[in-house]
Structures are given as structure tokens and as C-alpha cells.
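The structure under discussion appears below in the form of C-alpha cells.
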Amino acid sequence: MGTTFRLSTVAIIIFILSNLNAASQQNPIVYPGIAGYVGILHPIVTFSNEKTTTNFNNSYVGGLPVGINIWKSKKIGFSAEFVPFIRVENSAAKMSNFLFHPGVLVSLGHGFVFAGRAAFETSGRFGFTPVFNKTVIRKANSSYYIAIPIPVRFGNENPATCSLAFQFGLAF
């Protein structure tokens with residue numbers, strides 16, 4: 001049993017090392033590069049000088065971000081994101097808002113990306129959203145990501161707000 005265990009361990013190590021070597025010999029990425037993505041956005045909490053509002057209390061609001069990233073180089077790119085928001089309250093669902101979200105992308109390395117986005121909403125609100133993004137699983141033709149958006153909004157005769165949200169999705 002000891003020899004079989006050692007041989008199978010060696011075989012597994014050789015298999016892993018050969019796959020790592022094959023992955024490192026892939027064709028280099030050519031810039032500009034283009035990638036699309038889809039996701040699900042869950043606002044968690046919103047703060048203003050008047051009150052703190054949490055999602056999931058009397059209603060649920062969720063967004064479905066769809067976007068395109070154009071990478072100019074390994075470090076910098078441009079992104080355009082479009083987010084319809086759905087609100088569910090008292091067993092009724094409706095589209096409550098639409099967000100146009102253009103911005104700049106900055107690669108921070110190791111799968112981390114910072115997105116600095118402008119925000120324009122059909123609700124009459126506007127502002128900016130810093131987003132901290134991490135690729136968690138990378139496949140040959142797609143990857144899975146998680147992100148923490150921090151929307152800051154003004155306008156439409158409402159107090160300024162700052163929110164915290166969670167997003168996850170698929171990039172391809």
C-alpha cells in the first residue's frame with residue numbers, strides 16, 4: 001500500500017505540473033482585448049443623512065448587470081455597463097430603475113480589478129460607483145467573478161446616499 005500511495009502521489013504531481021506548464025504556454029493576450037459579462041447585483045444597505053435602508057426588509061431590489069470591457073493594455077481599460085433593476089414588493093415585481101454605468105478599469109494584479117464608474121439612472125439620480133472586483137475561477141473561455149460596488153448617488157430632490165452591494169457573475 002505504501003508504494004502504491006507514493007506512485008499515485010507522484011502521478012498526480014506530474015499531472016498537475018504538466019497541466020501548469022501547458023497553461024503557461026498558451027498564446028499571449030493581444031491588446032486591445034474585449035470581454036463581455038453578465039451578473040446578478042444585490043444591494044445590501046443604503047445610508048443617507050435621513051435614514052439607513054436595508055434590502056430584504058419590506059421589498060427586494062436586484063439588478064442584472066450586462067457589460068462590455070475593452071482593455072487597452074494589461075493595466076487599463078474602459079467598461080460600459082447596463083443594469084435594469086427589478087423590485088419585488090407584496091408579491092408584485094416590476095422594473096424600477098435602469099442604470100447606465102460607464103467607467104475606467106484598472107488591473108491591480110492577481111485577478112483584482114478596480115472599476116471607477118460614472119452613474120446615470122432613469123430615476124433621475126446620478127453619481128459614481130467605485131467597484132472592487134476579483135476573478136475567482138478562470139476557465140479557458142470564461143471566468144467567474146465577485147465584486148463589491150459602493151454606489152454614491154445625488155439628485156432628484158433626494159438626500160445624497162452611499163450604498164454597499166454584492167455582485168457575482170460570468171465574464172466571457
Side-chain angles (χ1 to χ4, degrees), residues 29 31-138 142-172:
I29 298 173
Y31 294 98
I34 298 175
Y37 64 92
V38 295
I40 298 174
L41 174 66
H42 300 282
I44 298 170
V45 62
T46 300
F47 305 96
S48 75
N49 63 354
E50 293 180 353
K51 62 182 176 179
T52 298
T53 307
T54 58
N55 206 359
F56 308 106
N57 273 351
N58 299 321
S59 64
Y60 170 74
V61 176
L64 302 167
V66 176
I68 187 163
N69 296 336
I70 303 170
W71 287 93
K72 181 180 180 328
S73 69
K74 185 178 179 180
K75 289 286 192 184
I76 192 102
F78 169 79
S79 179
E81 182 176 78
F82 308 90
V83 187
F85 284 91
I86 308 297
R87 180 182 183 89
V88 180
E89 186 173 17
N90 299 326
S91 301
K94 68 177 184 174
M95 186 173 140
S96 62
N97 196 16
F98 187 80
L99 168 64
F100 173 54
H101 224 194
V104 64
L105 303 170
V106 179
S107 174
L108 304 173
H110 305 289
F112 288 94
V113 173
F114 170 78
R117 299 184 176 282
F120 307 97
E121 300 182 358
T122 57
S123 67
R125 306 277 283 167
F126 60 92
F128 60 92
T129 308
V131 181
F132 299 93
N133 184 311
K134 168 74 170 128
T135 299
V136 290
I137 299 173
R138 186 174 304 276
S142 62
S143 61
Y144 298 92
Y145 70 90
I146 58 173
I148 305 294
I150 306 170
V152 177
R153 300 292 186 266
F154 310 97
N156 202 20
E157 300 177 6
N158 289 315
T161 59
C162 180
S163 301
L164 180 65
F166 176 75
Q167 180 177 329
F168 61 92
L170 171 70
F172 47 90

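Residues: numbered from 1 along the sequence shown.
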Closest heavy-atom pair and its distance - Leu164, Pro151: N-CD, 4.4 Å
What's the spacing between Asn55 CG and Tyr60 OH if we round to 0.5 Å? 6.0 Å
Output field: ring centroids Phe98/Phe85 closer than 6.0 Å: no
Given Arg153, which of Thr161, Asn158, Thr129 fulfils the side-chain hydrogen bond (donor to acceptor under 3.5 Å, both in side chains) condition? Thr129
Under 4.5 Å between any side-chain heavy atoms of Thr53 and Val45, yes or no? no
Note, Val106 side chain near Ile76 side chain (heavy atom, < 4.5 Å): yes
Distance in Å, Met95 CE paired with Arg87 CZ, rounded so as to fall on 0.5 Å steps: 14.0 Å
Pair Ser48, Glu50 - check side chain to side chain donor-acceptor pair (under 3.5 Å), show working. CA-CA 5 Å; Ser48 75; Glu50 293 180 353; 5.1 Å; no
Side-chain heavy-atom pair Ile44, Phe166 within 4.5 angstrom cut-off: yes
Output for pair (Phe112 CZ, Ser107 OG), nearest 0.5 Å, gives 11.0 Å
Can you find a pair of side-chain heavy atoms, one from Pro102 and one from Phe100, that are under 4.5 Å apart? yes
What's the shortest heavy-atom distance between Val61 and Pro43, and which atoms? O-CD, 3.2 Å
Taking atom CZ of Phe128 and atom CD1 of Ile150, what is their separation to the nearest 0.5 Å? 10.0 Å
Report, as yes or no, whether the 6.0 Å neighbourhood of atom CG on Asn58 holds more than 12 heavy atoms from other residues, nucleotides or ligands. no
Distance col, row Arg125:CZ vs Glu157:CD, nearest 0.5 angstrom, shows 11.0 Å
Just wondering, do Phe132 and Pro149 contact through their side chains at under 4.5 Å, heavy atoms? no
Hey, mind stepping through Phe126 and Phe154 against side chain to side chain contact (heavy atoms under 4.5 Å, CB included) and telling me if it holds? CA-CA 6 Å; Phe126 60 92; Phe154 310 97; 3.9 Å; yes
List the atom of Ser123, the atom of Asn156, and the distance in Å for their closest heavy-atom pair. O-ND2, 2.5 Å
With a 4.5 Å limit on heavy-atom distance, are the side chains of Leu64 and Leu41 in contact? no
Go through Val131 and Arg117 one step at a time and tell me if the side chain to side chain contact (heavy atoms under 4.5 Å, CB included) criterion holds. CA-CA 8 Å; Val131 181; Arg117 299 184 176 282; 4.2 Å; yes
State, to 0.1 Å, how close His110 and Lys134 come at their nearest heavy-atom pair, and which atoms those are. O-NZ, 2.8 Å
Measure the spacing between CZ of Phe82 and CD1 of Ile68 and express it to the nearest 0.5 Å. 9.0 Å
By the side-chain hydrogen bond (donor to acceptor under 3.5 Å, both in side chains) test, which pairs, at least two apart or in different chains, include something from residues 63-73? Asn69-Ser79
Heavy-atom pair with the smallest gap, counting every atom of Glu81 and Pro65: OE2-CB, 3.7 Å
Name the orientation class of the two ring planes belonging to Tyr37 and Tyr145 (parallel below 30°, tilted from 30 to 60°, perpendicular beyond 60°). perpendicular
Validation row: Phe168, Tyr144 side chains within 4.5 angstrom (heavy atoms): no
On a heavy-atom basis, which atom in Ala93 and which in Ile86 lie closest, and how many Å separate them? CB-CG2, 4.4 Å
